[in-house]
Amino acid sequence: MPKVKVDGIEIEVENGTTVLQACEIAGKEIPRFCYHEKLSIAGNCRMCLVEMEKSPKPVASCAMPVAEGQVIYTNTQMVKKAREGVMEFLLINHPLDCPICDQGGECDLQDQSMKFGGGNSRYELNKRSVKEKYMGPLIKTQMNRCIHCTRCIRFSEELAGVPDLGAINRGENMEITTFLEKTINSELSANVIDLCPVGALTSRPYAFEARPWELTKTETIDVMDAVGSNIRVDTKGWEVKRILPRTNEEINEEWISDKTRYACDGLLNNRIDSPFVRKNGKLIECSWDDAFVEISNQINKTVRVGGIIGSTVDLESIYAFKLLINSLAGSNSIDFRQKDFYFNPSHPGNYLFNSSIEGIDHSDLILLIGANPRIEATMVNARIRKNYAQKKLDIFSIGLPEDQTYKINFLGDNLSILRDILNEKNSFFEKLAKARKPMFIIGESVLNSLQGQFVIETSKLILKKYNQLNALNILHQSASSVGAIMIGAYNLIENVVQNEILYLLGADEINIDKKNKFIIYQGSHASKNAKIADVILPGAAFTEKDGLYVNLEGRVQSAYRASYPPGNAKEDWKILRALSETLNKTLKFNTIEELRIKLFESFPSLSKIDELPIIDYSNLDISEKKLDLDSVVHYQYLDYYQSNEIARSSATMMECKIAREKLKKTGTDD
């Protein structure tokens, strides 16, 4: 490990470390525009210049590797003059847009020009003008501001895997563009807004909405899928103005999907803000007491009550819901599945993403089985793409999903291939035998009552053969699924929907045949199931309450209240507690803290926040029953931009859907 001196401070760093990284290890701030830790080195902005002993000129620290005995200076007169010169060149063509720029207050160029710039310019000619580009409904461009750092290009190519962005022309005529000016065909496209250091790429939906200092910032968890991406919710008053990524290297690194970022305008639309009761075929607004009395009268007529849990429900509400339904029905007549979905709850290894998301970084072989991670779990796919690009990770698939942004070796679309691999009749077993860290990623498309048991048990038999049982990974789609399994909130959905009274807790995806059923809907948005309900109870959206969520790895994470429910709407657990009192089945808690204590007493493992579960695979049972299946993989249709009621209520998500459909049909947005 080489030793270097930075401003007189001697440090020891790993081989391959750059001078810029060494300076930061020594506690020195190095300005930069083109350099980013997650992207390849471009070395084209020259803002990171430092002085090095025996070097006649300043060196670009981002592109210079450290070597034994280097002596580096970061604050000499040469360095100061060099940085001022670079900043002067960068500002030659930069317009004076700061008062109207959405990047204002969060702009690297502003900050660094204040700290490292010279304060004046000798350039007196006209500034260049660049035509604005169209990059889709999410990205607003002001290309006069662009300093050609190429962060956006490198992100699109290396991490998003969609080489839509590039540079045309040379010198001062260089322009960043999609060339044909079409929508960037990626679910990660808006991350280039965060990467842009100067405001050339800003958020189109957020344009002129607020200034950073006007916003209240809350760190919380995303519920658009089962990944549990860490996010920051920025609010102004009641309104959620924007959602930004929060760095968590174990889950989403520093990126989020476009749906996570922009579905938030759906929180303002189509909301339920008051209880309703159906009278003479029409839903009439009423008080909470009237709604509870109507529910009580109906429940007193029958004991057949079933509950269905929606995809974005928090852990505390699931637990309270389970307690209430059990007290009414006398049995666990509750389920989280809104479609045919097989799982084995006997051991956590049967239903978790056991390798962990970060484990993808260490994997050397991946087999997708009926999985479409680009749509089902975008941040998992981003991690796979990163490792494919950096390490040429081998990726195979049973079933052929749509383009995943990396090369897939297609084994075939018949699930009998799993049996062939087990019996060493398929050449894939040779690669599996050599792999140190393989991963089987199983999608919900093959986890139905017909195929699910065969897929999971055969996969376990294969992995046990190579002593790799922890390589079994289930790719869940809903934020509530794993938590519901862990606390036992499941039954056969066929049995649940047969009940005379159905209580839907945010269950928007299931198709209900109402017939003579009495339906209670509790949720935040006026979904299709709210419209057929007999009683509607207004709940809170995920940004409007504190709660716990369990992601697909089994990691419990805390979500925090960023806003508050509109009108008379309440948090779900509060509604369930108040209703239980009216039904004379009072739940034994009065605060969310008391509810969590009861939850943790019943399920101690859920009290370990932000930790991966410790799983003993030695007692993971594997069915010895011979399973034979000759079945073709059929991928479930999942409308990415309309996957839940919040997204369906989002005007931005609808624009994205329309733009994507046009792109698929014609190859452009025209």
Side-chain angles (χ1 to χ4, degrees), residues 93-95 97 100-104 106-107 109 127-170 172-209 241-244 255-266 374 378 403 405 639-642 647 650-670:
N93 283 309
H94 196 80
D97 280 351
I100 59 163
C101 178
D102 276 316
Q103 195 89 341
E106 299 172 315
C107 178
L109 188 63
K127 294 178 182 288
R128 71 169 187 163
S129 179
V130 183
K131 178 177 174 286
E132 305 311 335
K133 315 298 180 186
Y134 178 77
M135 296 185 184
L138 303 180
I139 303 169
K140 179 184 176 185
T141 64
Q142 292 284 344
M143 302 313 289
N144 288 331
R145 303 170 186 162
C146 181
I147 62 169
H148 305 153
C149 69
T150 69
R151 280 186 180 183
C152 54
I153 296 174
R154 284 175 283 147
F155 175 84
S156 297
E157 291 182 353
E158 298 164 14
L159 296 180
V162 181
D164 287 350
L165 281 173
I168 59 174
N169 305 324
R170 304 190 69 178
E172 75 165 357
N173 295 320
M174 178 177 168
E175 297 180 21
I176 307 295
T177 180
T178 57
F179 194 68
L180 294 178
E181 299 202 18
K182 65 184 183 65
T183 299
I184 298 176
N185 187 22
S186 172
E187 295 76 24
L188 297 166
S189 64
N191 286 291
V192 300
I193 297 168
D194 298 333
L195 286 171
C196 183
V198 297
L201 305 178
T202 56
S203 172
R204 189 181 292 273
Y206 177 67
F208 308 121
E209 285 289 319
K241 288 295 185 182
R242 65 177 180 179
I243 290 178
L244 298 175
W255 322 115
I256 53 174
S257 69
D258 291 347
K259 181 166 61 175
T260 296
R261 187 185 298 263
Y262 284 119
C264 60
D265 65 323
R374 180 173 179 179
T378 303
D403 175 28
T405 70
D639 192 340
Y640 176 77
Y641 293 111
Q642 307 277 282
S650 165
T652 305
M653 290 295 97
M654 180 56 72
E655 288 180 30
C656 290
K657 178 180 178 179
I658 293 170
R660 180 64 62 86
E661 288 174 350
K662 287 182 179 177
L663 200 60
K664 285 182 178 179
K665 286 180 182 177
T666 65
T668 69
D669 295 75
D670 296 335

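All of these numbers come straight from a predicted model, not from anything done at the bench.
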So does Arg128 pair up with Glu175, basic N to acidic O under 4.0 Å?
no
Nearest 0.5 Å, what's the CD1-NZ distance between Ile243 and Lys241?
13.5 Å
Do Val192 and Arg151 have side chains that approach each other closer than 4.5 Å (heavy atoms only, starting at C-beta)?
no
Here the pair of heavy atoms bringing Ala207 nearest to Asp102 is CA-OD2, 3.1 Å
Residue pair Ser186 / Arg374: nearest heavy atoms and the distance that separates them
CA-NH2, 4.0 Å
Using 0.5 Å steps for rounding, measure from the CD atom of Glu157 to the SG atom of Cys152.
10.0 Å
Mark yes or no for whether Asn191, through its side chain, and Ile256, through its backbone, hold a donor-acceptor pair below 3.5 Å.
yes
Salt bridge or not for Arg261 and Glu187, using N-O below 4.0 Å?
no
Evaluate side-chain contact (heavy atoms from CB on, under 4.5 Å) for Thr183 paired with Tyr134, printing each intermediate quantity in order.
CA-CA 7 Å; Thr183 299; Tyr134 178 77; 3.8 Å; yes
Assess Lys657 against Tyr640: is NZ or CZ under 6.0 Å from the centre of the six-membered ring, and within 45 degrees of the ring's axis?
no
Would you please test Glu181 and Lys131 for side-chain contact (heavy atoms from CB on, under 4.5 Å) and show each step?
CA-CA 11 Å; Glu181 299 202 18; Lys131 178 177 174 286; 3.1 Å; yes
Mind checking the OG-CG spacing from Ser129 to Asn144? Nearest 0.5 Å is all I need.
4.5 Å
Does Ser257 use its side chain to pair, donor to acceptor, with the backbone of Thr260 at less than 3.5 Å?
yes
Among residues at least two apart in sequence or on other chains, which ones pass ring-ring contact (aromatic ring centres under 6.0 Å, His included) with Phe155?
Trp255
Give me the atom names and distance for the closest heavy-atom approach of Met653 to Asp258.
CE-O, 3.8 Å
Do any side-chain atoms of residues 136-143 form donor-acceptor pairs under 3.5 angstrom with protein atoms, and if so which ones, sequence neighbours left out?
| unit_1 | atom_1 | unit_2 | atom_2 | d |
| --- | --- | --- | --- | --- |
| Thr141 | OG1 | Lys133 | N | 3.0 |
| Thr141 | OG1 | Lys133 | O | 2.7 |

Pro197 to Ile147 - nearest heavy-atom pair and separation
CG-CD1, 4.4 Å
Note: Glu106-Arg242 ion pair, threshold 4.0 Å (strictly below)
yes
Look at the side chain of Lys127 and the backbone N and O of His94, then say whether any donor-acceptor pair between them is shorter than 3.5 Å.
yes
Ignoring hydrogens and angles, tell me if any N or O in the side chain of Arg154 forms a donor-acceptor pair with the backbone of Cys149 under 3.5 Å.
yes
Quick one: closest heavy-atom pair of Ala167 and Ile176, and the distance?
CB-CD1, 4.1 Å
Would you please say whether a donor-acceptor pair under 3.5 Å links the side chains of Asp164 and Thr178?
no
Testing the basics here: between Gly199 and Cys196, what is the closest heavy-atom pair and its distance to 0.1 Å?
N-SG, 3.7 Å
Measuring from atom CG of Asp97 to atom CZ of Arg145, what distance do you get when rounded to the nearest 0.5 angstrom?
4.5 Å
With distance as the sole test, does Asp265 use its side chain to make a donor-acceptor pair with the main-chain N or O of Ala651 at under 3.5 Å?
yes
Between CG of Asn185 and OG of Ser156, what distance do you get to the nearest 0.5 Å?
11.0 Å
Just how far is it from atom CD1 of Ile184 to atom CG of Leu663, taken to the nearest 0.5 Å?
11.0 Å
Under a plain distance cut-off of 3.5 Å, with no hydrogens placed, do Thr652 and Tyr641 share a side-chain donor-acceptor pair?
no
